[in-house]
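All values below were derived from every heavy atom in this structure, side-chain atoms included, with hydrogens, water molecules and symmetry-related copies excluded. Residue numbers begin at 1 in each chain, while the letters A, B, ... track the order of the sequences.
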Amino acid sequence: MDVLEGLNSAQREAVQAVKGPVLVLAGPGSGKTRVLTHRIAHLIDDYGLRPYQIMAVTFTNKAAREMVSRLEALIGSDTSRLTIGTFHAICARILRREAEHLGLSSSFVIYDTDDQRRLIKRVMKDLDIDTKQYRPVRVHGAISRAKNDLITAETYQPPSYLYEAIRRVFERYDKLKFENNALDFDDLLLKTEELFRMHEDVRQHYQGRYPYILVDEFQDTNKAQYELVRWLAAEHRNVFVVGDEDQSIYSWRGADFRNVRRFQEDFSDAQVILLEQNYRSSQTILDAAQAVISHNRQRTAKTLWTDNSQGAPIQMFEAYDEREEAEYVATEIMRVAQESDRSLSECAVMFRTNAQSRVLEDALVRHGIQYRLVGAIRFYQRREIKDVLAYLRLIHNPDDEISLLRVINVPTRGIGAKTVGQLQSWAASLGLTPGHGLLHLSQMAKENRLSETPFKTRARRLLSEFAVLYGKLADAKHEHSLSELLKFTLEETGYLTHLRDGTEEGEERINNVRELFSVTDGYNNYTPAVALARFLEDSALYSETDEIDQDADAITMLTLHSAKGLEFDTVFIVGMEEGICPHSRALEESARDGSALEEERRLVYVGITRAKSQLYLIRTFRRTLYGASETREPSQFLRDIPTGLTTGNKVRSALARRRTAASPERSPTSGLSGRDLTRQRRAIVQRARERREVARGGGGSRDSSEHRSTGRVGNLSETKPLPSRRPVLPQKERPVVTQSFEPGDSVTHHIFGVGTVVSSKITGEDEEVTVAFEGRGVKRLMASFANLVKN
DNA sequence: TTCAATACAATTTTT
DNA sequence: TTGTATTGAA
C-alpha cells in the first residue's frame, strides 16, 4: 500500500523529508499523528530502514500504543523492534541497561509524585525544617522544576536565603533516594542526560543505534528532554519533531515551548513544514479559536484554514448559577442527541477545574445521561493499590524505605512511629537499610537470637513478627508466579481483611485490589523475578489517563488539560468566567508575568479546537465556590470572539434569571422552599446512585468495569453495561464462591497445604474462612481467593 | 498506639 | 464545601 496516498502536499513533504532535521508546526486537527505514522511507515517500507533503527517519542503511553496499532494497520510488518514510548519509559530502559555507569543498581524502583512527597516530608523532618513555612508540595515543586532544568543539588543556586533550606532538602533527598535504590520521574531524564554527557562510548552507542528519531508534542518538552534529543540526534541529525506552540499547556510542569525556537537555532538547517489545513472543525469554530489565540504575544502567527463548511454559530449561555448551568448542559445534550440522532460519545463537557464536575454529575444522573469522568482518581494512585504495590516493591527492593514505611503498620500491627524509629537506628548501627535490617531480624528470630537486639518486649514481639512475615514474602518471590506472589502477599498480610470494614467503600477497595490480578496475570509467562521487576516498572510509568472508549454510549467529562489530542462533535465548555477560566491563580501570577495568562488562553484554544461542529461556551451569573456564593464576571476570553460567530448573547435581567432558576418546567418540585428543593434533588441523585450500585453489584455477571478505569462512569444501567475500558489485558474470570465451609472441615490450600477450618463467616459477597494449617499457623482467608479445596 | 476532633487549604497532572 | 493533615484524648 502506498503510504503517501490521501496525504496533502504539506503532509507528504513532512513524510518524505527523510534526511536531516525537520520541524513540523502542526495546527490543531491538521493530521499530525497521521504524518508521524506515515513517516515511520515510509522509512521502513520505502526507504528500507530496519524498525530497530527508529526511535519515536510520544508524550503518553497511550499515544505510543495508538501509534503502534495504526502502524501495524498501515504496514503490517513487524513493529516489535521499533522503539516507541515516552521519554520516561525509554530512559528507564536505557538506565537499567547502563546502570553500572552511574553507580546505580539496575533494580532501582521508580518513585512517583506521592513517594517523592513522602520522602521530602521525611527529609524536612530530619533537617528540622518547618513544614508550615515550607510546604512540602512547594519544596517538591521547586526541586522538580530545578531537575527539569537539569539542575542538580550540587549546581542548585538558591535564589534567596529562603531557598537555602530547599537546597539542603534537595541534597539530602537525592542522597536518601540513592540509598533507597530509587529514582524519581525527573531522575529518569536527568540521569540519562548525565549518562550521555559523561560517557562518550555509551552516547555513541545510542547515537548509532538510533539514526532516526521522531518526537511528538515537542512544545511540551522540558530542558532535560530537549537535551536528550540533542544528544541522540547529534551524530546522524535525522531528527523529526512535531509540535504546536499554541497548544503548550504544561509549562507549570517544566515544559518550555521555546524549545521549538531553540530547535530552529540549534539545527539551523532544519526544514520547517507547516500543517495549516484543519480537517476537524467548522469554519466558525476555527475562526473563534484563531480570534482567541491571536491575542497571545509569544507565538508565531499561523494561517489555519479549512475546507469545512461555516457550520452552526457558537452557542453562548449565561446560567444563573452552577446548578442551572449543569441543568442547561444536560437538557442540551438530550436535545442534541435526539434531534441529530448522534451517539452520546460525540459529546464532551469540559471544565477548568475538577471541582466543577460534581454539579454536572448530579444533573446528568438526574437526567439519566450516561457519562464518563476522565481522570478522577487514577487506578494506580488509589490508596489500596499503592499499599499493595508498596508491598511488592519492598519484596523486590528491600532498600526501598518509603515503601517500607508505607506498609509497616498497614494493616495496623501496633508498630508506631517510636518503634519504627528504633528499627531505623538499629539497622543504621549495623550499616543496613531498615528493610535489610528486618530481613536480618527475621533471620535472628529463626535462630532464637532476639535477645541480642535492643528492642523491648512488646516492640520486639511485634517487630519480629513483621520481620518474619516480610522474610516469608521475600522468599516467596523466587518460587511463585507474579499472580501467586500477589495472592500470597494479600493472604499473609491480611490486607484484604483489613480493607473489609463493612462499608461499601471498603468493598470497592477490595474490588480494586482484585482488579490487579487481571494485570499481573499478563506477567505470568516471565520467570518470577523478571515478572515482578517488569510489573513494577510498568505500573510506575503507566497511567491510564483516559482509556477513552469511543464506542460507549456515554458523554465524556474532562478538564481542558486532558482534552488535548481528542476531538468531539459537540463540546460544552463550562465556567467561562474570570477566576475560573482564566483561573484566579493564573490571574494573580499574570500580574507579575503575563505568561500565565497566555497559557490560560492556550488552554481555551485547545478546548475550542476539540469541537468539530458545535461549540457551547457557558458561564454563570453567580457561583458557589468553597462554600461561598458570589456573582461572577464573564471570562475575558469571551470578548475575543467576534459576535458574528455566536448566538445567545443576550444576558437576561437578574430578575428573569431568578425566575428561570425556579421555573416550574425545570423543577418538578416547584413550590418548595430553596432548602426543600435542595433536599429533594439530593434524594433523587441519591436514588439514582443507588440504582447504579444495584446495577453493578447484584445479579449475574459481576462486571466491575467502572472501577477498573481511571474515572468513574455514571448511570450504568442493567441493560447496557459499558465494555471494559482497560484494554491492557483481557479480564480473567474470578473464581466464584461455590462452597461454604463449616468448622472442622478439612481443606487443602495450594501453598499452605492441609488444614482444618476453625470458623467461617459470610461477609458481603464473600466468605471469610479461618483455617488452622499444619505447621503453617492460623490464617484468615477469603474464600473467593484462596481456592480452598475440601478434602 | 489509635482514633476522633479540629484546622486548613483549595488549578491544571502526559511521567 | 470538601478533603486531608495534624493534634490531642483515651
### Query
Picking from B:dT14, C:dT2, B:dT15, which would you name as closest to the side chain of A:Arg358?
C:dT2
### Close aromatic pair by centroid cut-off 6.0 Å: A:Phe185 and A:Tyr111
no
### Task
Compare side-chain N and O positions of A:Tyr250 against OP1 and OP2 of B:dT11 and report whether any pair is under 4.0 Å apart.
no
### Message
So, does A:Ser584 get its side chain near the phosphate of B:dT11, meaning an N or O under 4.0 Å from OP1 or OP2?
### Response
no
Which atom pairs link the protein and nucleotides 7-9 of chain B when you take only N or O atoms and keep those under 3.5 Å?
unit_1	atom_1	unit_2	atom_2	d
B:dA9	OP1	A:Arg135	NH2	3.1

#### Entry: Among B:dT14, B:dT2, B:dT1, the nucleotide that comes nearest once only the side chain of A:Thr412 is considered
B:dT2
### Message
Determine whether a donor-acceptor pair (one donor, one acceptor, N or O, separation below 3.5 Å) exists between the side chain of A:Arg253 and the base of B:dT12.
### Response
no
### Task
Check every strand shown and say whether A:Ala63 touches a base, only sugar-phosphate, or nothing at a heavy-atom separation below 4.0 Å.
nothing
### Task
Could you check which of B:dT15, B:dT13, B:dT1 has an atom nearest any side-chain atom of A:Ser562?
B:dT13
### Query
Considering only the P atoms, how many Å lie between B:dT13 and C:dT4, rounded to the nearest integer?
16 Å
### Query
Between atom CZ in A:Arg352 and atom P in B:dT12, what is the gap in whole Å?
7 Å
### Query
If we take the P atom in both C:dA5 and B:dT12, what is their distance in whole Å?
16 Å
### Query
Can you list every pair that meets salt bridge (Lys or Arg N to Asp or Glu O under 4.0 Å) and has a residue in residues 413-422 of chain A, with sequence neighbours left out?
none
### Query
Between atom CD in A:Gln225 and atom C1' in B:dT15, what is the gap in whole Å?
9 Å
### Summary
Per atom distances to the A:Thr419 side chain, the nearest of B:dT1, C:dG3, B:dT15 is B:dT1
### Task
Identify, between A:Ile415 and A:Leu603, the residue whose nearest nucleotide on DNA chain B lies closer to the 5' end.
A:Ile415
### Query
Less than 4.0 Å between a side-chain N and a carboxylate O, is that true for A:Glu322 and A:Arg622?
no
#### Entry: Per-pair stack call A:Phe185 and B:dT15, 5.5 Å, 30°
yes
### Task
State plainly whether the residues A:Asp115 and A:Arg393 are in salt-bridge range, i.e. N to O under 4.0 Å.
yes
### Task
Measure from CD on A:Glu217 to C1' on B:dT13 and round the result to the nearest Å.
14 Å
### Query
Is the aromatic ring of A:His88 within stacking range of B:dT15, meaning centres under 5.5 angstrom and planes under 30 degrees?
no
### Message
For B:dT12 and A:Asn354 - does any side-chain N or O of the residue sit under 4.0 Å from the phosphate oxygens OP1/OP2?
### Response
yes
### Ring-ring centroid check A:Tyr173 A:His140, cutoff 6.0 Å
no
### Message
Suppose we screen for salt bridge (charged side-chain N to carboxylate O under 4.0 Å, His left out). Which residues come up paired with A:Asp387, at least two apart in sequence or across chains?
### Response
A:Arg406
### Query
Taking only residues two or more places apart in sequence, or in another chain, which ones meet A:Tyr134 in a ring-ring contact (aromatic ring centres under 6.0 Å, His included)?
none
### Query
Would A:Trp252 count as stacked on B:dT12 if the rule is ring centres under 5.5 Å and plane angle under 30°?
yes
### Query
Which part of the nucleic acid, if any, lies within contact of A:Glu322, taking any heavy atom under 4.0 Å across all strands shown: a base, the sugar-phosphate backbone alone, or nothing?
nothing
#### Entry: Contact under 4.0 Å: A:Asn409 side-chain N or O vs B:dT2 OP1/OP2
yes
### Task
Please report, rounded to the nearest Å, how far the P atom of B:dT15 is from the CG atom of A:Asp184.
16 Å
### Query
With respect to the side chain of A:Lys121, which nucleotide from B:dT11, C:dT6, B:dT13 is positioned closest?
C:dT6
#### Entry: salt_bridge(A:Asp174, A:Lys177) N-O dist < 4.0 Å
yes
### Query
What is the distance, rounded to the nearest whole Å, between atom NE2 of A:His583 and atom P of B:dT13?
11 Å
### Query
Separation of A:Lys125 atom NZ from C:dA5 atom P, in whole Å?
12 Å
### Query
Rounded to the Å, how far apart are A:Arg117 CZ and C:dT4 P?
13 Å
## Note on the structure
Here the distance between atom P of B:dT15 and atom CG of A:Asp186, to the nearest Å, is 14 Å
### Message
I need the full list of salt bridge (Lys or Arg N to Asp or Glu O under 4.0 Å) pairs touching residues 132-145 of chain A, with sequence neighbours left out, sorted by first then second residue.
### Response
none
### Min side-chain heavy-atom separation A:Gln116-A:Asp186 under 4.5 Å
yes
### Task
May I ask you to say what A:Arg602 touches in the nucleic acid, namely base, sugar-phosphate or nothing, with a heavy-atom cut-off under 4.0 Å?
nothing
### Task
Take A:Arg138 and A:Ala89, find for each the nucleotide of DNA chain B with the closest heavy atom, and name the residue whose nucleotide sits nearer the 5' end.
A:Arg138
### Query
Using a cut-off of less than 4.0 Å, is there contact between a side-chain N or O of A:Asn61 and OP1 or OP2 of B:dT15?
yes
### Summary
Side-chain atoms of A:Glu600 come closest, of B:dT1, B:dT11, B:dT14, to B:dT11
### Task
Is it possible for you to check whether A:Arg601 lies under 6.0 Å from the centre of the six-membered ring of A:Phe637, through NZ or CZ, and within 45° of that ring's axis?
no
### Query
Would a 4.5 Å heavy-atom cut-off, applied to side chains only, mark A:Phe59 and A:Thr86 as touching?
no
### Task
Can you run through DNA chain B from 5' to 3' and write each base as (, ), [, ], | or . depending on how it pairs? Watson-Crick or G-U wobble, both distances under 3.5 Å.
||||||||||.....
